[in-house]
Amino acid sequence: MNERKKYGWTAKGIVGMVFLPMGLMFLTMGVLFWYLKVGDEPEMPKIFLYTFGGMGAVFLAVGLGLLLADIHRRTLLRRAYEGGYCVMAKIAGIGAQQNVKVNGSMPYVVECHYQDPATGVTHVYYSRYLYISVAGLLKSDQVPVYIDRMNEKIGFVDIDAVLPEIRIHT
């Protein structure tokens, strides 16, 4: 289990990575303009503070919230993997994420199903984003899924276990 796993970033985390520095920059500019008394009229520094600072605070809060949510998701996946409770789930399909575009193309996710023999409930888990179609590359029709024993909604699909080493040449 010393192998380094890829937990992947979601669209929320990427947006958070963009909004957080943008918010910091605008907030800093607003405070700096207010502190240096920038402007021709006496109320101008406050206007700069309210517009740049307010907009910066909103971007900072949204970016920080989205980034922390994705970091929390990754932490939960790591905890599930390191917990070691593994089940074999049947690969149900491979689909493109319609709401995400990276370099003009949509990433793929592998959908897998696991039916709990104790309860009879079927759980559906999705892999991290894959940036090539892996339909013909899968070595098995089942994939290991590491489930968090404290929360069965958290499951890390170890898609790399059923894929060969992939090298992309451009």
Side-chain angles (χ1 to χ4, degrees), residues 1-26 56 58-170:
M1 293 229 179
N2 293 338
E3 182 182 345
R4 184 173 168 92
K5 292 294 178 182
K6 298 175 185 174
Y7 300 104
W9 289 98
T10 62
K12 283 193 245 181
I14 294 169
V15 170
M17 284 186 234
V18 172
F19 277 25
L20 183 71
M22 220 165 70
L24 278 173
M25 183 183 67
F26 277 107
V58 169
F59 274 103
L60 180 71
V62 170
L64 189 63
L66 291 173
L67 190 58
L68 288 177
D70 207 36
I71 289 172
H72 179 66
R73 180 194 63 82
R74 290 168 53 98
T75 302
L76 292 175
L77 291 178
R78 185 174 293 111
R79 183 176 77 184
Y81 175 70
E82 291 172 355
Y85 178 61
C86 179
V87 297
M88 294 304 287
K90 182 164 178 47
I91 295 175
I94 300 167
Q97 281 296 104
Q98 301 291 327
N99 62 336
V100 178
K101 276 202 174 184
V102 177
N103 295 330
S105 63
M106 293 173 276
Y108 296 91
V109 292
V110 175
E111 177 183 331
C112 54
H113 299 171
Y114 164 71
Q115 186 170 19
D116 188 352
T119 62
V121 175
T122 300
H123 300 276
V124 179
Y125 296 102
Y126 295 93
S127 71
R128 64 179 168 82
Y129 291 162
L130 301 167
Y131 296 98
I132 61 167
S133 176
V134 295
L137 301 175
L138 296 171
K139 294 190 267 184
S140 173
D141 65 339
Q142 292 187 331
V143 62
V145 176
Y146 294 88
I147 299 174
D148 188 352
R149 288 184 181 243
M150 291 186 236
N151 185 356
E152 63 188 15
K153 292 179 183 177
I154 309 299
F156 170 65
V157 178
D158 191 6
I159 193 65
D160 295 322
V162 294
L163 285 175
E165 181 181 347
I166 299 173
R167 293 183 185 161
I168 300 172
H169 304 281
T170 57

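Just so you know, these numbers use all the heavy atoms, side chains as well, and skip hydrogens, waters and symmetry mates.
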Would you indicate whether the side-chain heavy atoms of [Y] and [X] approach each other to under 4.5 Å?
X: S127; Y: L130; value: yes
X: I94; Y: E111; value: no
X: P144; Y: M88; value: yes
X: I91; Y: Q142; value: no
X: I147; Y: Y125; value: yes
X: Y108; Y: I132; value: no
X: C86; Y: V145; value: no
X: R128; Y: W9; value: no

Output the distance between atom [atom1] ([X]) and atom [atom2] ([Y]), rounded to the nearest 0.5 Å.
X: D70; Y: T10; atom1: CG; atom2: OG1; result: 3.0 Å
X: F59; Y: F26; atom1: CZ; atom2: CZ; result: 7.0 Å
X: Y81; Y: Y146; atom1: OH; atom2: OH; result: 5.0 Å
X: C112; Y: D158; atom1: SG; atom2: CG; result: 10.5 Å
X: L76; Y: M150; atom1: CG; atom2: CE; result: 9.5 Å
X: R78; Y: R73; atom1: CZ; atom2: CZ; result: 10.5 Å

Where do [X] and [Y] come nearest, in terms of heavy atoms and distance?
X: V109; Y: Y129; value: CG1-CD2, 3.7 Å
X: P107; Y: Y131; value: CB-CE2, 3.7 Å
X: L137; Y: P164; value: O-CD, 3.2 Å
X: L163; Y: I166; value: CD1-CD1, 4.4 Å
X: K12; Y: L66; value: O-CB, 3.4 Å

Can you establish whether the number of heavy atoms outside [X] located under 6.0 Å from its atom [atom1] is more than 12?
X: Y7; atom1: OH; answer: yes
X: K153; atom1: NZ; answer: no
X: Q97; atom1: CD; answer: yes

Requested in this report: Kindly assign one of parallel, tilted or perpendicular to the pair H123 and Y114, based on the angle between their ring planes and the thresholds 30° and 60°.
Outcome: parallel
Query raised in the report: Do NZ/NE/NH1/NH2 and the carboxylate oxygens of K5 and D160 come within less than 4.0 Å?
Result: no
Query raised in the report: Any salt bridge between D148 and R79, counting N to O under 4.0 Å?
Result: yes
Report task. Please lay out, stage by stage, how Y126 and V157 fare under the test side-chain contact (heavy atoms from CB on, under 4.5 Å). Result -> CA-CA 7 Å; Y126 295 93; V157 178; 5.8 Å; no
Query - Intermediate values then yes/no, side-chain contact (heavy atoms from CB on, under 4.5 Å), I159 and L138 - result: CA-CA 9 Å; I159 193 65; L138 296 171; 4.2 Å; yes
Query raised in the report: Do any N or O atoms from the side chain of Q115 and from the backbone of G120 form a donor-acceptor pair under 3.5 angstrom?
Result: yes
**Report entry** Sole candidate of V62, L67, L68 that passes side chain to side chain contact (heavy atoms under 4.5 Å, CB included) when paired with L64
**Finding:** L68
Report task. Give the intermediate values and the outcome of side-chain contact (heavy atoms from CB on, under 4.5 Å) for residues V143 and V110. Result -> CA-CA 10 Å; V143 62; V110 175; 5.6 Å; no
